[in-house]
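Numbers for residues simply follow the sequence, beginning at 1. Counting convention: from 1, in listed order, for ligands and their atoms alike.
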Amino acid sequence: MKLVIAIVQDEDASRLVNKLMGEGFGATKLATTGGFLRSGNTTLLTGVEDDKVPLVMEIIEKTCKSRKQMAPVHTPMTGSAGMYVPAYPVQVTVGGAIVFVLDVEQFHKF
Ligand code: 2BA
């Protein structure tokens with residue numbers, strides 16, 4: 001068994017959960033925050049049998065879109081420890097999805 005951890009954009013999360021549930025997969029949705037943009041994203045946990053991983057990956061890939069966002073980058077002010085000034089914003093491409101696939105040692109349902 002594998003645990004698929006998918007970090008996706010909030011805009012894609014509900015559709016992705018619906019599609020996974022529709023195919024018979026269980027899913028847990030966590031509200032998370034990206035370390036770089038410091039804005040909300042969604043992390044989905046899905047436990048699946050090994051042979052179903054390709055199907056889950058296909059669903060994620062088809063459902064999650066990449067989007068461009070502006071990221072305010074802050075740089076330290078020269079000579080003033082602890083003070084920050086906003087620098088020029090940079091454009092970053094977020095997603096479609098960041099996916100980790102982990103081996104599951106044990107699965108219990110009580
Ligand atoms: P954030 O950390 O908010 O990053 C959002 C987007 O900003 C990233 O999209 C990437 O395009 C850009 N970015 C991130 N760090 C950067 C940096 N140091 N310099 C320039 N641009 C940077 P994605 O790569 O698609 O990542 C989307 C979200 O997935 C991330 O949100 C984070 O929550 C998660 N993530 C990405 N890589 C991860 C990793 N190795 N481990 C854990 N979470 C990760």
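Residue, atom and distance of the protein heavy atom nearest to atom 31 (O) of ligand 1 are G34 CA, 3.5 Å. Nearest protein heavy-atom neighbour of atom 41 (N) of ligand 1: F100 CZ, 3.4 Å. With respect to atom 6 (C) of ligand 1, the closest heavy atom belonging to the protein is V94 CG2, 3.9 Å. Considering only non-hydrogen protein atoms, atom 24 (O) of ligand 1 sits nearest to I98 CD1, 3.7 Å. From the protein, the heavy atom lying nearest to atom 25 (O) of ligand 1 is G95 N, 2.7 Å. Counting protein heavy atoms only, atom 8 (C) of ligand 1 is closest to T93 O, 4.3 Å. In this structure, atom 44 (C) of ligand 1 lies nearest to the protein heavy atom I7 CD1, 3.9 Å. Nearest protein heavy-atom contact of atom 13 (N) of ligand 1 is F36 CD2, 3.4 Å.
When side chains are defined from C-beta on, M57 counts as touching V101, because their heavy atoms get closer than 4.5 Å. At least one side-chain heavy atom of K2 sits under 4.5 Å from a side-chain heavy atom of D103. At a threshold of 4.5 Å between non-hydrogen side-chain atoms, the residues E23 and K52 do not count as touching.
Taking distance alone, with nitrogen or oxygen atoms compared against 3.5 Å, V92 stays at or beyond that limit from ligand 1. In terms of polar-atom proximity, defined here as any N/O pair under 3.5 Å, N41 does make such a contact with ligand 1.
Contact atoms of ligand 1 toward G35: 1 (P), 2 (O), 3 (O) (distance under 4.0 Å to a heavy atom of the residue).
Within a 6.0 Å radius of CD in E105, other residues, nucleotides and ligands contribute 12 heavy atoms or fewer. Remark: E61 CD is loosely packed, at most 12 non-hydrogen atoms of other residues, nucleotides or ligands lying under 6.0 Å away.
Although no hydrogens or angles enter the test, the distance criterion places no donor-acceptor pair under 3.5 Å between the side chain of T46 and the main chain of A27. Under the 3.5 Å distance criterion, the side-chain polar atoms of Q9 are matched with a main-chain donor or acceptor of V94.
Using a 4.0 Å cut-off between a side-chain N of Lys or Arg and a carboxylate O of Asp or Glu, K19 and D12 do not qualify as a salt bridge.
At a 4.0 Å heavy-atom cut-off, ligand 1 touches L37 through backbone and side chain alike.
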